[in-house]
Amino acid sequence: MRVFSTRLLLLISLLPALALGYEVSLINNLTDESNHIHDNFGHQVELNDNYAIIAAPGTGSSNGNACSFNNINQEWSYETCLSVPEQYSNSAQNFAKAIDLSEQRLMIGADIDGNGAVFIYEREDDQWQFNQIITQPPSTSPADFASSIASDNTHIIIGSPAKGSGNAGYVYIYALQEQSWTLEATLSADSSNKSGRFGQAIAYQDNYLIIGDSEHGQGKQGASYIYFYDDETWTKQAFLTGGSLTKNALFGTAVAISEQYALVGSPKESHATKGADKFLGSVYLYKRRLNNWDLMTKLMPDALEKQDQFGTSLAISDGFILVGAEGDDNDKGAVYLYKLDDGTWQLDSTTSAQVRAVNDHFGYSLSLSDDYALISSPDSEHSSGYKGNVYLYSVREVSSVTAAESEFNELVSTLDLSNPYISDSDGDGLSDKNESTLLNTDPLSDDTDQDGLNDLEEVIYYHSDPLSTDSDGDGLSDLDEAVIYQSSPTSADTDQDGYSDQYEVMTTNTDPSMADSDSDGYSDVEEIAELGTSPTLADTDGDGLTDAQELELYNTSVLDPDTDNDGFSDGNEINYYETDASDKNSQPESISTSTSYSPAYEQDGTIAFEDEWPNRGDYDFNDAVFNYNIEEYKINGLVKQINYKILPTARGATYTNSLRLLLNVPISNIAQVSMTTMGNTTQVEPIADKNQTLIIVIADLKDALPANSGSKLTNTLTGSNKVTGKLLRLSVTFNYPVSSDVLGAPPYNTFIARQFATSEWIEVHFPGKPATSKASKRQFGRGDDDTQQQGDRFFFSKDNLPWAMHIPEQWHHPKERVDLSNGYPDILNWAKSKGKKHKGWYKSKRKSLFIFEEVPDI
């Protein structure tokens, strides 16, 4: 056996993930250089990497303007100040009361004869040219139309909170159609009480829209709504409510959103731990998991003091969050910078104006782009005698590569990886020369230490020792760490939480790669040693509220799912009934029951899988085929029980595939799971999978659908006799009913799985559905797979084709080794359109020659 290079081994043992630092520095003070300077310069600021727009609506009788600055070769300079277009000069007021900036379009809010309007400017010939105007829709109640604006290249979203008590606020969405803006949707608050502040703050990014409403609820606890735009439809994804701790705290007065995170400011929140101090403020940070938004943590720096109003303004971009605290130090103001570090948001620094005075309100408005930050101080004195200053900062990413990392990178760069197969005896992707002279691995074995990871994977991808099965000596093999536990094979404590990887796997059952296994905002150490909550369940008591929500928002019991013991879970009372979870006398007024069926009553659907993932294989979609019908028993519209009827109809594979179900419900809310087969009912043990529950429906498909004598396949070969599978009836009962929005649509996340000899699990899910925590992430992106975990693109091929399909009717699968597109050619057009066209592709089969017709029905 060859000896692994001591130099390389030492480097590998020292290598953490590549660290990135950030440098934030003031580069300019943007000032109004026009001849029409107005007070309140910096009332709102908007920024991209090319332009900065600063609103100066003025005060009193002044009409306001919006000043533009542009970036030319990293030098920012004043360009122009836009005022009311001449044709509206006699009727417009409050020009620039709100602004928004997209790539080449500028929106400016104003009032015309007492009604709101948005002036739209387009970038033409290196100037902002007035193009169109959107005026306030007819309304029976007074409204502050255009007091908030958000946009992208195809939509303009306009907030219209109400004027006066008893009136409701709205949000209007306009779409660009043939060069004109047409009203596409009107959104309003979900509340029995009219909410006048709905629409007071809005943010829109990556097709996600968040709307703030600081007056929601009888106690004005506040709320925020998140909508997602897809396929010309606006779908509400989340309703984020305040709680007992946010009453009159202006929860929702400031909001921000990105593709993965949402922020809601509560600037007048008083903290229980700060005694009599009031209005310190806080920011609630939510993280998206597919279509669900969960409270991740509460931003609340220790340095906050009375009247700081942390959360007055918010901005988020990539790995940065800016939070304004305009009341800091007698209203001088301050801004807090957070950065995302290994999945956790950490306070990085606090920024204030170079020269501060009382009532400057530094941080009143914020904006972030990829490379810059804009912070306003609209009430600070200016040398011109008017009020308002705006500060421009650069946000620069700096690589902090250690000497060991630099040396390792240099060594790897000497490896000849351009064409290793010229002399690669073992076919591991490393040339014999690389292995013999640089790495000292065995050129005749692709896996020198026989640990299941080949030499190339160990050296290039995992930085582990290809001569040791346990590079970090923590008692877990390199293979298990890389493909099962997703921990580092070169660090005995991957998440640096004080618990070794082996201790987390064997004793605490926590995730060794995450200091906060359940992503609830509390570290595993905090939950185990201090809180007594589950470190693997974000919702310890299974009541529909995360531990963070109960502790930080609602002041309900984190260990009792029904704090007031009235028979309704805390989560359902707060999220759906809008009753007080701490008051037994506050209950829903009526109880109703109903039953829904999928795809319909006494109608069956089909689910089908191709098990060669991540390779396309023969793509005949008959490896595992099932007919199904799902019955949901509901209480007040919430799902209390699932009855899942499954009949295996085809098995065109020799692998030992199992059928499984991953429910978006914590195991703490699972009351019972049972399976009935041929009249016999048995209990099924559910398995916790972080904040979800895994149920093994069929352990081995061969048992549920055996083949005829002399054959290995069932119901896929021409001329074979039809075999009827075993009809299964799975029943899942919840302790407390679950919303369909949380549970997802039937057939939920049903999938097949098989295990390699190395203990590595391979799973095949419906497109867009994530794998379990047990699945090997090693295969993602290999072969024909185009999974992009950060972008929620799961189990699609590079041609946008799936490996699993759900069809809302009984479907006849292709024969063995017949490509699906031969039997159903419209599948290719469906994939090309990303599922937006040819949705009925399964109804148009080409020739019965390709289709196995003789399939049983339930």
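Atom set for the values below is all heavy atoms of this structure, side chains included, hydrogens, waters and symmetry mates excluded.
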To the nearest 0.5 Å, tell me how far Leu285 CG sits from Asp294 CG. 11.5 Å
Would you find a donor on one side and an acceptor on the other, under 3.5 Å apart, between the side chain of Asp497 and the backbone of Val525? no
Residue pair Ala256 / Ala203: nearest heavy atoms and the distance that separates them: CA-CB, 3.9 Å
Parallel, tilted or perpendicular: which fits the ring planes of Tyr503 and Tyr499, with parallel below 30° and perpendicular above 60°? tilted
For the pair Asp472 (side chain) and Ser491 (backbone), establish whether a donor and an acceptor sit closer than 3.5 Å, ignoring hydrogens and angles. yes
Apply side-chain contact (heavy atoms from CB on, under 4.5 Å) to the pair Glu504 and Asp495, showing each step before the final yes or no. CA-CA 10 Å; Glu504 295 205 55; Asp495 54 14; 2.9 Å; yes
Could you give me the CA-CA distance, side-chain angles and deciding distance for Asp623 and Tyr655, then say whether side-chain contact (heavy atoms from CB on, under 4.5 Å) is met? CA-CA 9 Å; Asp623 295 337; Tyr655 292 133; over 6 Å; no
With Thr733, the side chain to side chain donor-acceptor pair (under 3.5 Å) member among Lys640, Gln641, Gln672: Gln641
For Asn575 and Phe239, which heavy atoms make the closest approach, and how far apart are they? O-CD2, 4.5 Å
Locate the shortest heavy-atom distance separating His271 from Ser282; write the atom from each residue and the value. NE2-CB, 3.9 Å
With side chains defined as the heavy atoms from C-beta onward, is the minimum distance between Leu638 and Tyr736 less than 4.5 Å? no
Given Phe795, which of Trp613, Phe751, Phe766 fulfils the ring pair (Phe, Tyr, Trp, His ring centres under 6.0 Å) condition? Trp613
What's the shortest heavy-atom distance between Asp511 and Ser513, and which atoms? OD1-OG, 2.7 Å
Answer whether the closest heavy-atom distance between the side chains of Lys287 and Thr297 falls below 4.5 Å. no
Could you tell me if Thr656 and Asp700 have a donor-acceptor pair between their side chains, going purely by distance under 3.5 Å? no
Measure the shortest side-chain to side-chain distance between Thr344 and Asp516 over non-hydrogen atoms and say whether it is less than 4.5 angstrom. no
Taking the side chain as everything from C-beta on, heavy atoms only, tell me whether Glu610 gets closer than 4.5 Å to Val764. no
Strictly below 4.0 Å, N to O, side chains only: are Arg660 and Glu763 in salt-bridge contact? no
Is a side-chain donor or acceptor of Lys690 paired with a backbone partner of Ala688 at a separation under 3.5 angstrom? no
Any donor-acceptor pair under 3.5 Å linking the side-chain atoms of Asp474 with those of Ser500? no
Are Ser517 and Asp524 close enough that a side-chain donor and a side-chain acceptor fall under 3.5 Å? yes
Between Asp501 (side chain) and Thr494 (backbone), is there a donor-acceptor pair under 3.5 Å? yes
Shortest non-hydrogen separation from Phe780 to Ala771 and the atoms involved: CZ-CB, 4.1 Å
Pairwise distance CG(Asp570) to OH(Tyr554) - rounded to 0.5 angstrom: 11.0 Å
Report the C-alpha separation of Lys769 and Thr750 in whole Å, then their side-chain angles, then the decisive distance to 0.1 Å, and conclude whether the side-chain contact (heavy atoms from CB on, under 4.5 Å) test is met. CA-CA 9 Å; Lys769 297 291 186 181; Thr750 303; over 6 Å; no
Could you go through the side-chain contact (heavy atoms from CB on, under 4.5 Å) check for Thr241 and Ile574 one step at a time? CA-CA 8 Å; Thr241 58; Ile574 289 170; 3.8 Å; yes
Okay, side chain of Asp451, backbone of Leu479: is any donor-acceptor separation there less than 3.5 Å? no
Hits for ring-ring contact (aromatic ring centres under 6.0 Å, His included) against Trp293, two or more places apart or cross-chain, chain-then-number order -> Tyr208
Test Glu481 against Ser487 for side-chain hydrogen bond (donor to acceptor under 3.5 Å, both in side chains), laying out the working first. CA-CA 5 Å; Glu481 294 211 63; Ser487 54; 2.7 Å; yes
Is there side-chain contact between Val665 and Leu743, with heavy atoms separated by less than 4.5 Å? yes
Once you round to the nearest 0.5 Å, how far does CG of Asp541 lie from CG of Leu559? 7.0 Å
A side-chain contact here means heavy atoms from C-beta on lying under 4.5 Å apart; do Ser569 and Tyr576 qualify? no
Test side-chain hydrogen bond (donor to acceptor under 3.5 Å, both in side chains) on Lys236 and Tyr227 and set out the steps. CA-CA 4 Å; Lys236 187 179 76 174; Tyr227 289 81; 5.8 Å; no
Of Thr536, Leu531, Leu537, which is the lone residue that meets side chain to side chain contact (heavy atoms under 4.5 Å, CB included) with Thr533? Leu531
Short question: side chain of Asp206, backbone of Ser258 - any donor-acceptor pair under 3.5 Å? no
The reported gap from NE2 in His765 to CZ in Phe609 (rounded to nearest 0.5 angstrom) is 9.0 Å
Give a yes or no answer on whether the side chain of Glu760 reaches the backbone of Ala757 with a donor-acceptor pair at less than 3.5 Å. no
Closer than 4.0 angstrom, basic N to acidic O: yes or no for Arg793 and Asp786? yes
If you look at every heavy atom in Val558 and Thr540, which pair is closest and at what distance? O-CB, 3.9 Å
Test side-chain hydrogen bond (donor to acceptor under 3.5 Å, both in side chains) on Tyr284 and Thr246; report intermediate values, then the result. CA-CA 11 Å; Tyr284 293 84; Thr246 63; 5.8 Å; no
For Ser773, does its backbone N or O pair with a side-chain atom of Asp689 as donor and acceptor, under 3.5 Å? yes
CD (Glu458) and CG (Leu439) are apart, to the nearest 0.5 Å, by 11.5 Å
OH of Tyr461: more than 12 outside heavy atoms within 6.0 angstrom? no
Side-chain donor or acceptor of Asn291 paired with backbone N/O of Gln237 under 3.5 Å: no
Quick one: pull up CD in Glu457 and CZ in Arg778 and give me the separation to the nearest 0.5 Å. 4.0 Å
Is the CD atom of Gln496 crowded by more than 12 outside heavy atoms at less than 6.0 Å? yes
Does either side chain, that of Thr448 or that of Asp455, offer a donor lying less than 3.5 Å from an acceptor on the other one? yes
Please check if the side chain of Asp465 supplies one atom and the backbone of Ser471 the other of a donor-acceptor pair under 3.5 Å. no
